[in-house]
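For clarity, every value in this text was computed on a predicted model and none was experimentally measured. In what follows, every heavy atom counts, from backbone to side chain, and hydrogens, waters and symmetry copies are set aside.
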Amino acid sequence: MSPSPIPEVAAKPLVTAGREQLLVDCPHCASVHRHLADGARRAPCGARYAIVPNSPKENIP
């Protein structure tokens, strides 16, 4: 049995006083989770996903 693929999710940047964080809409529980880096991650709810970096165009309002 092959492992199930890890879904890719896009992140929205959140600039805090300390550093930039990534906000992700969780595909498992529909909550918003914060992460410090992109790549393969495990959410607090236990979901696994891969955060893909946004292109510079997506961050322009």
Task: Heavy-atom pair of closest approach, residues Leu23 and Arg34 - done: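 That closest heavy-atom pairing would be CD2-CG, 3.2 Å.
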
Task: Test item: Arg19 side-chain N/O and Thr16 main-chain N/O as donor-acceptor pair under 3.5 Å - done: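 Not at all, since once roles are kept as given, no pair shorter than 3.5 Å links the two residues.
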
Under a 4.5 Å cut-off applied to non-hydrogen side-chain atoms, are [X] and [Y] in contact?
| X | Y | answer |
| --- | --- | --- |
| Val24 | Ile51 | yes |
| Val9 | Pro27 | yes |
| Ser31 | Cys45 | no |

Open item on the list: Quick check for you: to the nearest 0.5 Å, what is the distance between Leu22 atom CG and Arg41 atom CZ?
Closed with: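 Spacing of CG (Leu22) from CZ (Arg41) equals 8.5 Å.
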
Task: From NE2 (His35) to CG (Leu14), nearest 0.5 Å - done: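 Reported to 0.5 Å precision, the distance equals 12.5 Å.
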
Open item on the list: Can you confirm whether the side chains of His33 and Tyr49 place a donor and an acceptor under 3.5 Å from each other?
Closed with: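 Per modelled atom types, His33 and Tyr49 side chains form no pair under 3.5 Å.
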
